[in-house]
Amino acid sequence: MAVNTTPESPLPVGEVSRLIGGWIDRLGAVWVEGQITQLSRRPGAGVVFLTLRDPSYDISVSVTCYRQVFDAVADVVGEGARVVVHAKPEWYAPRGQLSLRAAEIKPVGVGELLARLEQLKKSLAREGLFAPERKKPLPFLPHLVGLVCGRASAAERDVLENARHRWPAVRFEVRNVAVQGVHAVPQVVQAVKELDGIDDVDVIIVARGGGSVEDLLPFSDEQLVRAVAACRTPVVSAIGHEPDTPLLDYVADVRASTPTDAAKKVVPDVGEEYERVRLLRDRARRCVRALVEREERGLAHALARPSVQDPHRMIDERAEQVASLLDRGRRSLRHHLDRADSELTHTHARVVALSPAATLKRGYAVLQRADGHAVRDPGEVAAGEALRARVSEGEFSVRVDA
């Protein structure tokens with residue numbers, strides 16, 4: 001229950017410590033799971049001291065137990081082991097320190113660990129953290145690769161050597177961390193977050209060599225899985241060997257079977273790319289050559305056409321036709337003109353033969369009265385009337401004789 005205090009009536013430190021101890025005593029014995037980070041077994045001492053840590057969080061608690069309690073599991077439990085402890089919380093009032101007094105220690109078996117991992121895997125899968133649509137594609141040619149691995153480890157050497165052998169210009173931003181033990185999870189998480197925050201990093205590789213199930217447990221930690229899921233940079237998981245499948249493999253954008261395989265997946269091979277460029281260049285040349293040859297054949301076919309070989313031939317042919325038609329027109333016109341001239345001559349001859357002038361030329365004369373009318377009947381004139389006589393060559397006057 002809450003304690004009422006004021007600045008005027010504060011509680012002494014001893015009283016606060018005593019109250020805390022009372023509250024803790026009421027908690028009773030509990031089962032606690034954690035990882036042993038420190039173990040102290042002094043020769044001849046009846047008490048064993050150890051530190052139990054939560055692998056996912058930076059939280060530890062001191063544990064004490066009688067020697068016979070620890071001796072029961074001493075052959076299978078050591079630093080780094082996961083254990084379940086049945087202990088009663090104790091409060092050491094003089095120092096204000098919390099500890100656990102263990103009455104029983106049980107190692108967590110591999111089968112139990114795998115069962116818990118399977119449950120965690122299903123839970124994370126239901127959240128969609130392993131969904132394929134969340135996977136980000138790797139860049140074709142990363143300029144800066146982030147690498148999270150153990151210091152001076154074989155995994156680091158394999159990634160760096162193979163990547164630089166494939167593409168010598170590739171650069172790395174390396175973060176050396178603990179890859180097993182109690183400090184592995186926070187250090188790996190911190191390294192991943194740091195590299196994800198660097199804009200120049202194009203892809204992140206988390207690499208570790210092979211190991212036992214217990215050694216690889218940090219890479220199945222929920223905190224690490226969620227940190228990788230939140231990355232905006234593509235992440236490649238290269239943990240252990242081919243059979244090893246920590247949960248990091250499922251949440252990562254790409255899974256590599258080994259650190260060497262990760263280098264091959266992330267960095268292209270310069271020799272292969274040169275060969276691919278050569279093949280594409282040869283293919284392009286063949287395509288261009290085929291196109292040019294096809295166009296050349298089309299051009300040759302076009303040039304072989306008579307209209308292109310002798311462009312004046314059609315004009316000459318048409319010129320001959322025009323000349324032939326012109327000559328034919330001229331002949332037809334000449335024929336019509338000749339026939340018209342003949343007809344005109346014949347008509348002229350007939351007109352001349354039938355004209356009064358021709359009659360006058362044969363010696364005839366036309367008598368005309370003074371009013372110009374021709375005399376056709378002798379009774380039309382009177383004696384002594386003056387008439388005009390027209391002959392072929394002119395005219396003269398005559399008088400009618402009674």
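Since the model is a prediction, treat every value here as computed from it, not as a measurement. Count residues from 1 along the sequence.
- In this structure, Asp25 pairs ionically with Lys88, as a charged nitrogen and a carboxylate oxygen lie closer than 4.0 Å.
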Under the side chain to side chain contact (heavy atoms under 4.5 Å, CB included) criterion, do Ile198 and Glu173 qualify, and how do the steps go? CA-CA 10 Å; Ile198 300 176; Glu173 184 74 21; 4.1 Å; yes

Assess the residue pair Glu293 and Arg289 against the criterion (salt bridge (Lys or Arg N to Asp or Glu O under 4.0 Å)); give the C-alpha distance rounded to whole Å, side-chain angles, the decisive distance to 0.1 Å, and a yes or no. CA-CA 6 Å; Glu293 291 176 351; Arg289 189 179 295 113; 5.2 Å; no

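- A cation-pi contact, defined as under 6.0 Å to the ring centre and within 45° of the axis, is absent between Arg164 and Phe172.
- By the 4.0 Å N-to-carboxylate-O rule, Glu385 lies too far from Arg399 to be salt-bridged with it.
- Between Asp221 and Arg226 there is no salt bridge, since none of the side-chain N atoms of the basic residue sits less than 4.0 Å from a carboxylate O of the acidic one.
- Between atom CG of residue Leu39 and atom CZ of residue Arg41 there is a gap of 6.5 Å, rounded to the nearest 0.5 Å.
- With hydrogens and angles disregarded, a donor-acceptor distance shorter than 3.5 Å links the side chain of Arg134 to the backbone of Leu129.
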Stepwise, does the salt bridge (Lys or Arg N to Asp or Glu O under 4.0 Å) test hold for Arg255 with Asp261? CA-CA 9 Å; Arg255 176 190 181 270; Asp261 184 47; over 6 Å; no

If you apply the rule side chain to side chain contact (heavy atoms under 4.5 Å, CB included), what do you find for Thr51 with Val61, and how did you get there? CA-CA 6 Å; Thr51 301; Val61 64; over 6 Å; no

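- The closest side-chain donor-acceptor pair between Arg208 and Gln180 falls under 3.5 angstrom.
- Applying the ring pair (Phe, Tyr, Trp, His ring centres under 6.0 Å) test to pairs two or more places apart or on separate chains, those with a residue in residues 81-101 are Trp31-His86.
- Between Lys135 and Phe130 the shortest heavy-atom distance is CE-O, 4.0 Å.
- Side-chain atoms of Ser342 and Thr345 form no donor-acceptor pair, as typed in the model, at a separation below 3.5 Å.
- The pair Asp282-Arg286 fails the salt-bridge criterion, with no side-chain N (NZ, NE, NH1 or NH2) lying under 4.0 Å from an Asp/Glu carboxylate O.
- Counting all heavy atoms, side chain and backbone alike, Arg53 lies closest to Thr37 at CB-CG2, 3.4 Å.
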Gln97/Ser62 under side chain to side chain contact (heavy atoms under 4.5 Å, CB included): CA gap, chis, key distance, verdict: CA-CA 9 Å; Gln97 182 177 359; Ser62 298; 4.0 Å; yes

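- We find the CD-NZ distance between Glu272 and Lys264 to be 9.5 Å, quoted to the nearest 0.5 Å.
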Run Asp338 and Arg334 through salt bridge (Lys or Arg N to Asp or Glu O under 4.0 Å) and show every step you take. CA-CA 6 Å; Asp338 291 344; Arg334 191 179 297 112; 5.8 Å; no

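- In this structure, Asp310 has no side chain to side chain donor-acceptor pair (under 3.5 Å) partners at least two apart in sequence or on a different chain.
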Could you walk me through whether Asp199 and Arg232 pass salt bridge (Lys or Arg N to Asp or Glu O under 4.0 Å), step by step? CA-CA 10 Å; Asp199 293 335; Arg232 59 176 181 83; 3.1 Å; yes

